[in-house]
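Scroll down for the structure; my scribbles are underneath it.
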Amino acid sequence: MHSTTTKSKQRAYASPRGPRALASRTDIVVFAAVAVLMLTLVGWGGFATDSLATVTAEALEWLIVNLGWFFVLSATGFVAFALYLAFSRFGRVPLGGDDEEPEFRTASWIAMMFSAGMGIGLMFFGVSEPLSHFLNPPPGTMPLLPDGASAPSAETHALRTAMATTLFHWTLHPWSIYAVAGLAIAYSVFRKGRSHLISSVFAPLLGEGRARGPAAKLIDILALFATLFGSAASLGIGTLQIRTGMVEAGWIEGASTGVLVLIIVALTICFIVSAVSGVARGIQYLSNINMVLAVLLAVFVFVGGPTVFVLNLVPTSIGSYLSDFGLMASRSGATGGDEMSGWLQSWTIFYWAWWISWTPFVGMFIARISRGRTIRQFVGGVLLVPSVVSVLWFSIFGGTAIDLARSGVPVAEGGPEAQTFNVLAELPFTEITSIIVMLLVAIFFVSGADAASVVMGTLSQRGSLAPSRWVVVFWGAATGAVAAVMLAIGGSAALSGVQNLTFIAALPFTVVMVAMCFALMRDLLHDPVILRENKAAEVLEAAVVQGIEEHDGEFQLEISPPPNGASNASRAAE
């Protein structure tokens, strides 16, 4: 879902000692467990597509009915936990040594956050999500209009609900999920000196001596499995949009599955070559071009579309999001029955599953570039920068689509993957902008998936920052194979296949995320900064109490060495 510039990725994962010095023996248990499961699913989907589709659909329905609440509560819990850490005394704890300076300048760090916040997801859903919620508001959100009420009243309410729901899915919640994982990893690696593995975060719960035991291996297996399916989901969604763009441009006729497979193969080859070639300059240029193209496309739609409407929509969207936050965070099957459960499966729960499946990769990336930051700086940057990008992006693209729909333009035709192209068809230079969208989707995925492949290699090889090329190639090819199976399962409604397996893959890692919060808190409670504050408060309180008791409040505190054997509490109250 998210991409990073290659230059940033290489700085984040490079080692001063070089790849050979960091090469590690493959963890056979972790690698084999995920590889066997992946090959089983690919084989099952290839030879018995209908069977796998039926089983995953039934499993998904059971999970939604019985455990959907867990996703909803967990995601909101991560928001509360991240904000609590930022605004509490723990916010002063550095992610590194006490006097360590940030590894990257603030401007560079923010730029990398901006890059990580852009990707296939914004390209695919930038138009389709606000438009979908406007035309079909979430269950139970449209009020009953009194007699004589005008249609614009309902339309205005639908607009506010559409933008609030979109921002709910793309701002604080997803980036709090990433922030929790990134904080835990950064603290574990840079503050405690542990290895670059998800399981290392759990040393406070498992014990340092059992950090590579069976429980730790299971955690790394779940992280690797979730990353694989999250990357495959992004590839599947990007493939759908590229195919639709090719149809709209007149390059192909019809939406055949064969074209999907060819696109998947091409993109998979590209990001595998990117991940293992070590050719930095060419991919770096592509990534920089991609960011420029994304900004230019947004500016073009902003200027060529309903500019004043979009400007008005920005504060309206933010206000609606804040006012409806509690309602949106509490949506569940209990409030709308089967209709709400189906809506949550298609939107909120799918998003939470997708974000969580990308957490190992994005969490490790933002952790690595945040060395030397305090927890407060980290949370502020990770939550604020991508959220601002999302507000602007969805206001421009979603606002333009909604304005066209209100004017009677059929921009919703053709499904989510076609709606961006439908909007561009109403603006000048349609052929050029449609090609730009396809290029953006392709390069965003390539520049993000190569880093994800490296992360999967790292998880497979005991935390190595420079995993073997064959491991990176294997996981790259596996991502393409899983994406093909996802789309095959979905059939004519290909996105449903992506949703089914992504949700199932992400659910176990949600449990890991919750446990990660407890592990991080246990570490923080024993952090030197917190222990010093606790001791200072204890000594000061004891001295003040003694001064009041012995001198009736007429005293002053002085710092001096205590007598031999004297307790801290007896330091001078005079």
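Aromatic pair Phe31/Phe474: ring centres closer than 6.0 Å. The aromatic ring centroids of Phe78 and His173 lie 6.0 Å or more from each other. In this structure, the ring of Trp354 has its center no less than 6.0 angstrom from the ring center of Phe509. Between His133 and Trp343, the gap from one ring centroid to the other is short of 6.0 Å.
Here the closest non-hydrogen pair linking Ala418 and Gly414 is CB-O, 3.5 Å. When all heavy atoms of Ala405 and Leu131 are compared, the closest pair comes out as CB-CD1, 3.8 Å. The minimum heavy-atom distance linking Thr227 with Ala452 is given by the pair CG2-O, 4.5 Å. Shown here for Lys217 and Asp27, the closest heavy-atom pair between the two residues is NZ-OD2, 2.9 Å. Taking both residues in full, the closest heavy atoms of Ile185 and Gly363 are given as CD1-C, 3.9 Å, listed atom of the first, atom of the second, then distance. Heavy-atom minimum distance, Thr268 versus Gly476: CG2-O, 3.4 Å.
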Carefully, step by step, assess Ile272 and Val472 under the rule side chain to side chain contact (heavy atoms under 4.5 Å, CB included). CA-CA 7 Å; Ile272 288 176; Val472 175; over 6 Å; no
Take Leu507 and Leu67 through the test side chain to side chain contact (heavy atoms under 4.5 Å, CB included) and record every step on the way to the result. CA-CA 9 Å; Leu507 181 62; Leu67 296 174; 3.6 Å; yes
Could you walk me through whether Trp251 and Val259 pass the side chain to side chain contact (heavy atoms under 4.5 Å, CB included) check? CA-CA 11 Å; Trp251 298 352; Val259 173; over 6 Å; no
Begin from the C-alpha positions of Val362 and Ile177 and carry the test side chain to side chain contact (heavy atoms under 4.5 Å, CB included) through to its verdict. CA-CA 10 Å; Val362 180; Ile177 292 172; over 6 Å; no
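When side chains are defined from C-beta on, Leu224 does not count as touching Asp220, because their heavy atoms never get closer than 4.5 Å. In this structure, Met513 and Ser74 have side chains that are not in contact, with every pair of non-hydrogen atoms separated by 4.5 Å or more. Side-chain contact between Phe124 and Val441 is absent, with no heavy atoms from C-beta onward closer than 4.5 Å. In this structure, the side chains of Leu440 and Met123 come closer than 4.5 Å at one or more pairs of heavy atoms. In this structure, Phe125 and Ile237 have side chains that are in contact, with non-hydrogen atoms separated by less than 4.5 Å. When side chains are defined from C-beta on, Phe300 counts as touching Pro428, because their heavy atoms get closer than 4.5 Å. Under the 4.5 Å side-chain criterion, counting only non-hydrogen atoms from C-beta, Phe71 is in contact with Ile356. Looking at Thr161 and Pro138, their side chains come closer than 4.5 Å, going by heavy atoms from C-beta outward.
Checking side-chain atoms of Ser464 against main-chain N and O of Ala466 turns up a donor-acceptor pair under 3.5 Å. The closest donor-acceptor contact from the side chain of Ser390 to the backbone of Thr171 lies at 3.5 Å or more, if one exists at all. A donor-acceptor pair is defined here as one N or O able to donate and one able to accept, closer than 3.5 Å; no such pair exists between the side chain of Thr348 and the backbone of Gln345. The main-chain N or O of Leu122 is found under 3.5 Å from a side-chain atom of Trp393 such that the two form a donor-acceptor pair. In this structure a side-chain-to-backbone donor-acceptor pair under 3.5 Å is present from Trp358 to Gly230. For the pair Gln461 (side chain) and Ser468 (backbone), a donor-acceptor distance under 3.5 Å is present. At distances below 3.5 Å, at least one donor-acceptor pair connects side-chain atoms of Arg462 with backbone N or O atoms of Arg25. Here the side chain of Ser434 pairs no donor or acceptor atom with the backbone of Glu431 at under 3.5 angstrom.
Rounded to the nearest 0.5 angstrom, Ile263 CD1 and Ile242 CD1 are separated by 6.0 Å. Going from atom CZ of Phe350 over to atom OG of Ser357 covers 8.0 Å, rounded to the nearest 0.5 Å. Distance CD1/Ile402 to OG/Ser395: 9.5 Å, rounded to 0.5 Å. To the nearest 0.5 Å, the span separating CE on Met438 from CD1 on Ile443 amounts to 12.0 Å. Distance OG/Ser199 to CG/Leu459: 8.5 Å, rounded to 0.5 Å. Rounding to the nearest 0.5 Å gives a distance of 13.0 Å between CG of Leu427 and CD1 of Ile432.
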Identify each donor-acceptor pair in which a side-chain atom of residues 34-48 lies under 3.5 Å from a protein atom, sequence neighbours left out, and give them as a table.
from: Thr40; atom 1: OG1; to: Val36; atom 2: O; distance (Å): 2.7
from: Trp44; atom 1: NE1; to: Ser51; atom 2: OG; distance (Å): 3.2

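Sequence neighbours left out, the pairs with a member in residues 401-418 that pass salt bridge (Lys or Arg N to Asp or Glu O under 4.0 Å) are Glu155-Arg406, Asp403-Arg406.
Checking Trp170 against Tyr351 by side-chain atom types alone, a donor-acceptor pair falls below 3.5 Å. The closest side-chain donor-acceptor pair between Glu129 and Trp347, if any, does not fall under 3.5 angstrom. Residues Trp475 and Ser460 bring a donor and an acceptor atom of their side chains to less than 3.5 Å of each other.
Every residue two or more places apart in sequence or in another chain was checked for a ring pair (Phe, Tyr, Trp, His ring centres under 6.0 Å) with Phe134, and none qualifies.
A side chain to side chain contact (heavy atoms under 4.5 Å, CB included) with Val301 is found for exactly one of Thr400, Val127, Thr433, Thr420, namely Thr400.
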